[in-house]
Every structure is written in structure tokens, then in C-alpha cells.
Colleague: 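Have a look at the structure that comes next, please.
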Amino acid sequence: MIKAILIFNNHGKPRLSKFYEHYNEDTEQQIIRETFHLVSKRDENVCNFLEGGMLIGGSDYKLIYRHYATLYFVFCVDSSESELGILDLIQVFVETLDKCFENVCELDLIFHVDKVHNILAEMVMGGMVLETNMNEIITQVDAQNKMEKSEVTSVLA
Amino acid sequence: MPAVSKGDGMRGLAVFISDIRNCKSKEAEIKRINKELANIRSKFKGDKALDGYSKKKYVCKLLFIFLLGHDIDFGHMEAVNLLSSNKYTEKQIGYLFISVLVNSNSELIRLINNAIKNDLSSRNPTFMCLALHCIANVGSREMAEAFASEIPRILVAGDTMDSVKQSAALCLLRLYKTSPDLVLMGEWTSRVVHLLNDQHMGVVTAAISLITCLSQKNPDEFKTCVSLAVSRLSRIVSSASTDLQDYTYYFVPAPWLSCKLLRLLQCYPPPEDGAVKGRLVECLETILNKAQEPPKSKKVQHSNAKNAILFEAISLIIHYDSEPNLLVRACNQLGQFLQHRETNLRYLALESMCTLASSEFSHEAVKTHIETVINALKTERDVSVRQRAADLLYAMCDRSNAKQIVAEMLSYLETADYSIREEMVLKVAILAEKYAVDYSWYVDTILNLIRIAGDYVSEEVWYRVIQIVINRDDVQGYAAKTVFEALQAPACHENMVKVGGYILGEFGNLIAGDPRSSPLVQFNLLHSKFHLCSVPTRALLLSAYIKFINLFPETKATIQEVLRCDSQIRNSDVELQQRAVEYLKLSSIASTDVLATVLEEMPPFPERESSILAKLKKKKGPGAVSVTELEDSKREGGELNGGSDRGPDTAAMAASNASTPSPSADLLGIRSSAPVGAAPTSAGSLLVDVFSEAGPAAPSAAVNDDGFLSSAPPSEDPAPPLSEADELLNKFVCKNNGVLFENQLLQIGIKSEYRQNLGRMYLFYGNKTSVQFASFTTTVSCPGELQSHILFPQLNVQTKAVEPLVEGGAQIQQVLNIECLTDFSEAPLLNIKFRYGGALQNLTLKLPVTINKFFQPTEMASHDFFQRWKQLSQPAQEAQKIFKANHSMDTEVLKAKLLGLGTALLDDVDPNPENYVCAGVIQTKGQQVGCLLRLEPNAQAQMYRLTLRCSKDSVSRRLCELLAEQF
């Protein structure tokens with residue numbers, strides 16, 4: 001199971017946080033800080049897996065992360081998930097974002113946080129993977145955008 | 001064209017986000033946010049009904065503010081209203097807000113449930129998916145009650161859209177995890193299992209997570225999934241990479257689903273049906289074969305996906321542990337990965353090999369990689385990988401390679417990362433014991449361990465070496481000789497002194513024949529370390545000295561001289577003082593025969609599982625140590641006479657024995673003799689002199705005969721803390737031992753010792769009456785503030801239940817293990833309940849566990865002190881109090897109190913010699929807090945000024961509060 005999905009930038013500013021288990025807000029913030037601390041001090045080219053921090057389950061959980069330019073994508077998962085599988089999933093997520101936003105950058109995540117949540121919701125639900133096929137995900141997102149557009153036009157009309 | 005159109009969002013929101021981003025400081029950001037919050041609040045409260053678009057915009061702003069890390073305490077109602085809008089965008093924002101911000105116990109759940117019900121029956125797939133997502137995100141019991149019967153129907157209905165099926169499967173899984181009793185699969189089971197055959201791969205992907213979870217809980221009902229999973233897997237594995245179109249990821253067909261299918265199969269034993277099994281073995285062989293084929297792409301994604309499947313296949317092969325041919329192939333494949341240039345693969349290969357090492361078919365094959373693994377331990381740049389290498393070395397160790405592996409681990413320890421040292425020490429200690437053929441090697445290894453990583457050698461480890469030496473005659477002489485040599489080093493670790501003191505005290509006679517290690521030489525060597533050691537070690541050494549008097553009568557005069565000197569017999573530490581007094585007396589009045597009986601050699605320890613193994617298991621959590629390993633340890637443990645899970649200090653001791661049961665690190669059995677739990681004597685007399693310091697403090701604590709016990713309500717709830725609980729607590733701030741509480745029925749004594757962030761407290765409950773106490777129970781809890789943070793307790797207190805019967809006049813003992821995780825201000829509560837003549841007694845005390853117990857003294861020069869004092873100059877770091885003296889202002893009394901506090905009392909630092917300054921570091925698990933203290937007495941005014949500066953504000957305040965009551 002995926003316990004949490006976190007995106008933060010190189011300075012530790014959170015850009016997306018999605019927890020699939022309930023924590024209070026303070027704890028969530030602490031988890032983000034701790035995770036950033038653990039991940040950011042690692043060199044490039046070391047392995048993409050490390051044991052979880054104290055706050056989020058300890059050694060039964062792994063942090064699986066990828067670093068893209070200014071952003072870290074971190075998935076916190078339990079031992080039922082395949083590490084390499086999750087790495088691929090992160091890649092699918094980022095490629096999907098890239099297709100939806102056309103050259104996705106940090107600003108897209110800032111200004112369209114609701115959209116990012118929607119895209120993620122098409123992939124992961126309640127901590128389990130719903131869909132891994134990028135085309136399928138994009139089809140769903142497209143359908144939603146069409147509805148959104150038609151509603152906006154009807155307001156303006 | 002981008003799928004997300006950036007232009008048509010909400011303008012107001014974009015402006016607000018830009019504003020926030022332009023804020024130059026945190027303060028400006030907070031100001032802007034507060035302004036926005038006020039605006040939204042007034043809009044929501046205003047008379048004018050907001051249209052859907054505005055509501056959506058404001059709710060979205062709130063969401064954004066929340067995601068920035070600010071608290072949101074309103075807007076929930078507006079979000080719920082959006083749910084019933086028939087516009088997708090409004091509904092969607094409403095659901096988003098609720099899944100991010102509403103937790104399962106919100107009062108709004110009923111309203112939300114209504115909206116969800118409408119959407120589920122709307123037959124609009126988008127709305128249905130939104131509703132299902134929301135259920136999965138919130139997952140509360142109320143939602144399970146409302147929808148658990150509805151969702152399976154949606155999942156298997158023939159006319160449900162694929163995307164809705166996917167969501168329904170995971171939604172059901174979520175409800176099953178939170179409320180398994182409400183999700184009844186019964187009639188649905190077979191149709192759910194058959195989703196594995198669904199044409200749409202997305203549906204299979206979602207369904208397999210559900211089926212895996214249900215199979216783990218009800219394997220028999222779901223076992224038909226095995227053959228379906230095998231055939232699905234076989235179709236994927238044998239397909240050409242183009243067959244599965246969109247589910248082909250970088251030329252690998254459906255990697256995610258393949259992994260999940262292989263995981264599902266790991267819930268079951270190998271298939272019994274020969275055909276199914278044959279098909280599966282074929283799949284596994286194909287996967288192993290593909291690993292050897294040239295890659296279809298140079299992209300890392302291609303090899304990742306391919307290897308993800310390969311590792312899952314290997315896990316399944318290891319899980320079955322029945323196909324020697326496949327196991328060896330798996331091992332060879334992992335062997336290749338050990339040298340792969342991808343760090344991820346090296347990491348995973350080490351991890352998988354660890355499980356492979358415990359299989360009898362592949363253990364030998366794993367061992368052939370020993371050189372590569374040792375090399376990984378030495379050269380990997382990544383600590384996560386080195387950790388895995390150490391784990392694997394531990395797993396592959398057996399009698400044939402133990403010496404090599406232990407030697408490598410020892411040499412790695414010298415440079416190992418701090419984070420894994422303690423675990424490495426435990427592992428080395430376990431391996432050395434488990435595979436020791438000759439015990440001189442074992443003793444050498446453990447002493448090396450102390451030399452290299454003394455700070456990380458826990459009590460369990462050095463207790464254990466002592467137990468083994470005591471239980472094995474053949475190694476005692478060697479051990480005595482080796483510790484004697486080790487102690488020659490000018491600087492040796494305190495743990496070495498402990499082991500040395502104990503072993504020479506027991507077996508020094510075995511090497512006394514050599515004039516280079518004559519009794520007096522041995523004694524002088526030990527005593528040369530004495531003054532550098534902590535109190536528990538000194539206590540141990542004193543016991544070693546008295547043992548010397550018995551072993552070597554010629555040392556008697558010298559040792560008596562040492563015991564008699566002021567620094568011993570008048571030591572401010574009561575434990576040391578008592579030992580000095582008692583030992584001196586014992587050595588002068590007891591006859592040689594009596595002395596020889598009292599100080600007899602320790603009897604062998606009873607055989608038990610190694611306490612070190614238990615500690616490692618605890619550290620790694622259950623499952624970290626495999627079952628075979630446990631069985632091994634039982635089998636191998638039999639070869640030693642070894643082991644007790646109590647340290648030598650509390651273990652059953654020689655039939656010797658002076659008066660008082662002491663829990664301190666007393667290895668020599670002089671004192672811990674009274675069989676714990678039964679010491680019937682006449683009421684009172686024993687209890688009173690249990691504690692040597694029945695000085696002025698104890699009796700005052702004992703005065704408490706207001707008969708409150710009988711008036712306690714006969715309820716089962718713990719009574720509130722006694723009114724004088726704080727006062728009792730304050731008496732123990734500067735001391736660790738004494739009588740905590742006494743009334744007409746019961747006396748509670750305490751002995752405690754602390755080391756770094758750990759503490760051990762011994763509670764002695766004495767029945768002062770001549771009547772049995774029945775149903776005697778004690779519970780330790782942390783009060784309100786501590787309990788509220790379930791995830792971050794401040795203190796961790798562990799204890800075992802006491803015997804429920806306390807005979808008249810008897811005393812029972814209870815041990816508490818205390819771990820300080822972070823600084824705290826509330827003391828834990830001790831509740832005691834028992835029946836005395838039919839009436840229920842119920843009282844609650846505060847346990848004297850205060851933050852200062854975790855002090856480590858810090859010596860420093862005047863210059864350093866003032867420099868640090870200046871560094872701690874933020875106003876909140878300082879706490880000050882001016883107060884009237886409540887107790888004697890005598891210099892010696894004050895000094896004793898300040899030392900008892902746990903800090904170092906620094907001389908010649910303050911320009912005014914009347915003032916006292918102290919320094920120390922409070923050790924918690926999470927951090928260390930440096931503390932400086934200055935106490936300025938004014939004898940004329942009978943006043944004090946107390947100033948504390950600590951690196952953490954809360955610690956300054958708490959220490960100041962505590963200390964103001966002490967002087």
C-alpha cells in the first residue's frame with residue numbers, strides 16, 4: 001500500500017502532499033519535513049530507496065523517490081509494493097503530468113494544484129493503484145476538461 | 001494540445017497565488033493569507049447567497065491555503081454544499097476539499113453521505129467515480145455502514161463502466177481495511193475472483209489489489225484465484241510486447257500487473273494441480289530467461305520494468321522454496337546483480353539474497369558471493385546499500401565462515417555510520433556467540449567490540465559475555481588474562497572496566513600466580529580507573545574489591561584503607577556510601593568462613609534464549625529475524641550453558657547475602673539476593689531499613705495518615721493523583737532513591753538509575769499490615785498531554801504486571817524501563833489498586849521521572865561557559881525565577897542538590913564565588929538539549945535568583961519550575 005505521496009522542491013517547499021492514512025495536520029507537516037531531510041541529503045546516483053523516517057512507520061516502510069530538476073517525487077510504501085514497480089509508477093505520473101501540462105514545471109504544480117490532485121486520483125485511490133496506463137489516465141482527464149469547458153462557456157453565454 | 005487548459009481557471013485564485021508567491025517574508029505571507037481568510041469568511045457569512053462559481057473559487061482558495069501548511073477551520077459546510085451541485089467543476093472541488101480536509105469523525109459525514117448516495121445512483125460514470133473516490137479517501141465507519149453493501153453490487157454489475165468498476169474495487173478494499181466486519185463478500189466472492197479474467201486490464205489492475213487483500217484474510221474462500229492468476233500471468237508473459245498495446249510499458253508487457261499477480265501467488269503454497277504448477281514454472285523460467293536476453297531499449301525504464309517482474313518472480317521462487325533448480329538460477333541471477341552498475345539493483349539483490357540465504361537449497365550458493373558482499377560493505381557509497389550488505393553477511397553466516405564475517409564486520413564497525421552501529425554491535429555479538437567453537441575467540445571478539453564501539457555496546461551485550469564466562473570453566477582463566485591485558489590500555493571504555501571489574505572479582509585468582517598480575521597489581525589497575533567512572537561502575541568496582549578481600553586476604557588492608565577514605569565512606573551518592581560502609585564492616589567483622597560463603601563464586605546462570613537476540617528482534621521489529629534463525633538460536637544456544645534474559649545484576653545470585661535487595665548494576669550478588677516477590681518479615685521493620693537514606697526526607701514523605709485510602713471510591717477508574725503528588729515528586733528531583741509514599745497500609749520505595757535517554761526504575765511495594773493484599777495491580781500511564789500525541793510519545797514506559805497477591809509483611813518489586821523520546825513536563829502516573837479486607841484501595845501517584853534525570857554532566861572551563869551562555873541569548877531560551885529560600889542555604893547541602901540534579905557543578909567559573917553554575921546535556925532519543933544553570937543565593941535576604949538557559953525553550957521553563965521548589 002502507498003501510505004503517502006509527497007512532492008517538494010529542492011528547498012523543501014511542499015508542492016503536493018497526499019496522505020492515504022489519516023494524520024493530523026501537524027504530523028503531516030512534520031512528515032514532509034522529515035522526509036525532505038532524509039531525501040535531500042542523499043547524493044545523486046545513490047539508490048532510490050531508503051528506509052522510512054521515524055514518523056511514517058519506521059523500518060517497515062520504504063521511501064521510494066525520484067529527483068526531477070527542481071522537484072522530488074517521494075512515495076512512501078509498505079513492503080507489499082515492488083520497489084522498481086513504484087519507481088515506474090512515479091515515472092508514469094510525471095510523464096502524465098508532462099502530457100497534461102505540456103512541459104510540466106514547478107509553476108504548473110503551484111497554480112493548478114487541484115488538477116494535479118485530479119490526475120493523481122486517476123492513478124492512485126485509497127493508497128492502491130487504480131490505473132497504470134498513461135493513455136487511459138489522460139482519456140479520463142480529457143473528459144473532465146471537456147465538461148469543465150462546457151460549463152465555463154455556459155456561464156459566459 | 002495540452003490536456004489541461006491553463007487559461008480558463010479561476011482568475012481570482014491565480015491572482016491570490018501570485019500574491020502569495022510575491023511575498024518577501026513569511027510574515028508577509030501570513031498577513032496576506034489572514035486577509036484572504038477574513039475576506040472568505042465574510043463572504044460565507046454575508047447575507048447574499050453565493051453562486052456556485054464563487055463558492056467553488058473560495059473553497060479552492062481555502063484548499064490552497066491548507067496545502068501551504070495553514071490550518072483551516074471553516075468552509076466545510078460550503079464544500080458540502082458544492083457536492084449537490086449538478087455542475088462537474090463545482091462537485092469536483094467540493095469532493096477534493098472533503099477528501100483532503102475532512103477526517104473520518106467529522107459531524108458532516110451524514111450530509112456528505114447523502115450527496116454520495118445521490119451520485120452513486122446517478123448512473124453518470126464521472127459522478128459515480130467522484131463519489132467512490134470520496135468514500136475511499138475518507139473511509140470512515142459511517143461510510144462503511146452506509147455503502148458496504150452497495151459497492152460490491154456496482155463492482156460486479158454487467159452494465160457498470162470499466163472506470164467505475166476500477167474505482168469500486170479499490171473503494172471496497174478501503175472499506176474492507178477499515179471495517180472488515182461490514183464488508184461481507186459471501187455471494188460476491190466468485191464473481192470478484194473472476195474479475196481476474198476481465199478484458200480490461202485496468203479493471204484487473206484494480207481488482208487484484210482487492211483480491212490479494214481478501215485472500216490474505218480468507219485464503220480458503222479465495223483459493224480459486226490461483227489458477228486464474230497463473231493463466232493470466234502466462235498470457236502476459238508469453239505475449240509479444242505489442243499484444244497489450246497501452247499496457248506495454250517501454251517494451252515490457254503489463255509490468256505492474258505481472259508484479260501484482262506474482263505477489264498474489266505469494267499468498268498461497270505452490271499449486272497442487274500439476275497442470276497449473278507446470279504452467280507457472282514455465283512462466284517463471286521464461287521470466288528468468290528474458291533477463292538474459294539483450295535489452296529491447298537502452299532506457300532505464302525498460303530495465304526497471306523488466307527487473308521489477310524478475311524480482312517478484314524470484315520472491316515467489318523463494319517463497320515456494322521447493323524447486324532447487326529455480327532457486328539456484330535465482331541465486332545466480334542475483335549474483336549478477338550484485339555487481340551491476342545500477343545501485344538500485346545492487347540494493348535489491350542484497351535484500352533478496354538475505355531471504356534466499358535461509359533456504360537449505362540455496363544457502364551454499366549464496367555463500368559463494370561472500371567476497372562480493374564484503375566488498376560492498378567496504379566500498380558502497382550509499383549507506384542504505386551498506387546496511388543491506390551487513391544484513392546479508394549476517395544472514396549467510398554459518399560455522400564455516402563465521403570467523404571471516406565477524407572479523408570483517410568488526411573492521412567495518414570502526415568506520416560504520418552512526419545510525420547502524422548499535423545494530424552491527426548486536427549482530428557481531430550474536431554471531432560470535434552462536435558460532436563460537438572456542439570460547440577464547442568469543443571473549444576476544446566481545447572485548448574487541450567494546451574497544452572499537454564501546455558506546456554502542458548495550459548492557460545486554462556485556463551482561464552476556466559475563467554470563468558465558470561464568471558458565472564455562474574452560475574460558476575463565478583466559479578471560480581473566482585478557483581483560484587484565486585490555487585494562488592496561490591508558491584509556492579504556494567504561495564498559496571494559498565493568499567487564500574487567502566483574503571478571504577479575506570472580507576469577508582474578510586464576511592469574512594471580514604470575515607476579516605481573518599479582519593481586520595487588522590487579523587491584524591497583526582496577527582502582528586506577530575508579531575515579532573516571534560513573535556511579536554504577538564505581539558501585540560495581542566496590543563489589544569487586546570486597547570479592548578481592550575474600551580471594552586474596554593479603555589485599556585486605558589496602559582495600560579497607562580505600563573503603564575507609566572519605567571519598568567512599570562519605571560519598572554524596574547514597575549507593576556508593578552504603579556499599580563502602582557495608583563492605584568495610586563486613587570485611588572487618590565477618591570470619592573468613594562467613595566471608596567465603598557470602599562472597600562465594602557466582603553459580604552458573606540458568607539457560608535461556610539470548611537476551612541480545614531479543615533486543616535485535618525488538619530493534620528490527622517482528623519478522624526481521626526469520627523463524628529459522630530463532631530455531632537455530634535455540635538449538636545452538638543449547639551448547640552454551642548460557643543466558644538469562646535478566647542481566648547478571650538481577651539474576652538469581654549466590655546463596656549469600658546481606659540485607660538489602662539492590663537493583664543497581666551490582667553483579668556480585670552481594671545484595672540482590674532477597675528473592676524478589678517474597679520477603680516475609682514482620683511488618684514495618686524490613687520496610688523501613690530497606691532504604692539507607694531514611695534521613696530527614698523519607699519520614700516526611702511517610703507522614704500521610706489521613707486515611708484517604710479507605711475513602712477512595714470503589715470504582716475501577718484510576719483515582720485522580722493525590723493532592724500531595726507534586727510535593728512527593730519534588731522530593732525526588734535531586735535524588736533517585738528513597739521512599740516515595742507511605743501510609744498505614746502500604747509503603748512504596750524507589751530505586752532508579754539513568755543512562756543517557758534511558759532509565760530503569762525499581763518500585764518496591766511493601767505490605768505493612770499482617771493481612772494479604774488481593775488483586776494487587778499497578779498501571780503506569782502518561783497523563784493527558786503525553787497521551788495526546790500517539791505518534792510521538794514523549795516518554796515510553798514499559799513494565800510487566802506484578803503478582804496479584806502481596807502477603808502481609810511482604811514486599812514485591814516491579815521494574816520499569818523508561819525511554820525519554822523527547823523533552824516532557826508531565827510526570828507519568830502510577831495507579832495502584834488492591835483489595836485490603838474486602839475494600840478496594842485505589843491511589844494514584846506521580847512517578848518521579850523528571851526531565852533532569854536524563855542529564856549528562858558537562859565539564860567546561862569558565863571561558864567556554866560564558867561563550868555558550870552568550871550563544872543562548874534568545875529571550876525564550878532563558879527562564880528565571882527569584883524566590884525565597886525554603887530549605888537550608890548551607891553550601892554543602894546546595895552542592896549535593898546540584899550534583900543530584902545530574903549536571904556538572906563547575907568551580908571557578910562565576911566571578912562571584914558565592915554563586916553556583918552548572919552545565920549538562922539532556923539526552924532524549926530525538927535530540928540533545930544543552931543546559932546551563934546559574935544559582936545566585938543571597939544569604940541576607942534568604943533569597944535565590946535562579947537562571948536557566950537551554951537550547952530548547954520548553955526545557956528552560958520546565959527545569960526552572962522544578963528547581964525553584966528545591967532550594
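Reminder, nothing fancy here: chain letters follow the sequence lines and each chain counts from 1. In what follows, every heavy atom counts, from backbone to side chain, and hydrogens, waters and symmetry copies are set aside.
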Colleague: Using heavy-atom distances under 4.5 Å, tell me whether B:Ile93 contacts chain A through its side chain, its backbone, both, or neither.
Modeller: side chain

Colleague: Does any backbone or side-chain atom of B:Ser167 lie under 4.5 Å from a heavy atom of chain A? Answer side chain, backbone, both or neither.
Modeller: both

Colleague: Would the B:Phe337 and B:Phe311 ring centres measure less than 6.0 Å apart?
Modeller: yes

Colleague: Identify which part of B:Cys213 has an atom lying under 4.5 Å from any heavy atom of chain A, answering side chain, backbone, both or neither.
Modeller: neither

Colleague: Tell me, for B:His70 versus chain A, whether the close heavy atoms (under 4.5 Å) come from the side chain, the backbone, both or neither.
Modeller: neither

Colleague: For A:Lys13, look at atom NZ and say whether over 12 heavy atoms of other residues, nucleotides or ligands are found less than 6.0 Å away.
Modeller: no

Colleague: For chain B, which candidate among A:Ile86, A:Leu50, A:Asn48, A:Leu107 shows the most heavy-atom pairs at distances under 4.5 Å?
Modeller: A:Asn48

Colleague: Can you say whether A:Thr139 sits under 4.5 Å from chain B via the side chain, the backbone, both, or neither, judging by heavy atoms?
Modeller: neither

Colleague: What residue in A:Gly127, A:Ala143, A:Ser17, A:Gly85 has the most heavy-atom pairs under 4.5 Å with chain B?
Modeller: A:Gly85

Colleague: Please classify the contact of B:Leu13 with chain A as side chain, backbone, both or neither, using a heavy-atom distance under 4.5 Å.
Modeller: neither

Colleague: Relative to the ring of A:Tyr72, is the ring of A:Phe36 parallel (under 30°), tilted (30 to 60°) or perpendicular (over 60°)?
Modeller: perpendicular

Colleague: Under 4.5 Å from any heavy atom of chain A, what part of B:Glu342 do you find: side chain, backbone, both or neither?
Modeller: neither

Colleague: With chain B as the partner, which of A:Leu87, A:Ile110, A:Leu89, A:Asp98 has the greatest number of non-hydrogen pairs under 4.5 Å?
Modeller: A:Ile110

Colleague: Who wins among A:Asp43, A:Thr132, A:Val129 for the most heavy-atom pairs under 4.5 Å with chain B?
Modeller: A:Val129

Colleague: Would you mind checking which part of B:Gln266 comes under 4.5 Å of any heavy atom in chain A, side chain (CB onward), backbone (N, CA, C, O), both or neither?
Modeller: neither

Colleague: Under 4.5 Å, counting heavy-atom pairs only, tell me which of B:Ser18, B:Cys259, B:Cys129 racks up the most with chain A.
Modeller: B:Ser18

Colleague: Out of curiosity, B:His133 NE2 to B:Tyr95 OH, how far, rounded to the nearest 0.5 Å?
Modeller: 12.0 Å

Colleague: Taking atom types as modelled, is there a side-chain donor on B:Tyr249 or B:Gln301 under 3.5 Å from an acceptor on the other?
Modeller: no

Colleague: Tell me whether A:Lys62 is salt-bridged to A:Glu51, with the criterion being a basic N under 4.0 Å from an acidic carboxylate O.
Modeller: no

Colleague: When you measure from the side chain of B:Ser352 to the backbone of B:Ala349, do you find a donor-acceptor pair of N or O atoms at a distance under 3.5 Å?
Modeller: no

Colleague: Between A:Met1 and chain B, with a heavy-atom cut-off of 4.5 Å, which part of the residue counts as in contact: side chain, backbone, both or neither?
Modeller: side chain

Colleague: Taking ring pair (Phe, Tyr, Trp, His ring centres under 6.0 Å) as the test, write out the residues that go with B:Tyr250, two or more places apart.
Modeller: none

Colleague: For the candidates B:Arg381, B:Arg174, B:Arg21, which exhibits the highest count of non-hydrogen atom pairs separated by less than 4.5 Å from chain A?
Modeller: B:Arg21

Colleague: Among the options A:Lys146, A:Glu28, A:Glu95, pick out the one with the most heavy-atom pairs lying under 4.5 Å from chain B.
Modeller: A:Glu95

Colleague: Just grab all the side-chain hydrogen bond (donor to acceptor under 3.5 Å, both in side chains) pairs involving residues 255-264 of chain B, residues at least two apart or on different chains.
Modeller: A:Glu81-B:Lys260, B:Arg263-B:Glu312

Colleague: What do you reckon, are the aromatic ring centroids of A:Phe73 and A:Tyr65 less than 6.0 Å apart?
Modeller: no

Colleague: Below 4.5 Å from any heavy atom of chain B, which atoms of A:Glu131 appear? Answer side chain, backbone, both or neither.
Modeller: both

Colleague: Any donor-acceptor pair under 3.5 Å linking the side chain of B:Glu380 with the backbone of B:Asp382?
Modeller: no

Colleague: Ion pair present between B:Glu90 and B:Lys56, side-chain N to carboxylate O less than 4.0 angstrom?
Modeller: no

Colleague: What part of B:Asn137 lies closer than 4.5 angstrom to a heavy atom of chain A: side chain, backbone, both or neither?
Modeller: side chain

Colleague: Answer with side chain, backbone, both or neither: which region of B:Thr89 has an atom nearer than 4.5 Å to a non-hydrogen atom of chain A?
Modeller: both

Colleague: Please classify the contact of B:Leu173 with chain A as side chain, backbone, both or neither, using a heavy-atom distance under 4.5 Å.
Modeller: side chain

Colleague: For B:Leu348, is it the side chain, the backbone, both or neither that has a heavy atom under 4.5 Å from a heavy atom of chain A?
Modeller: side chain

Colleague: Do A:Phe49 and B:Tyr347 have ring centres separated by under 6.0 Å?
Modeller: yes

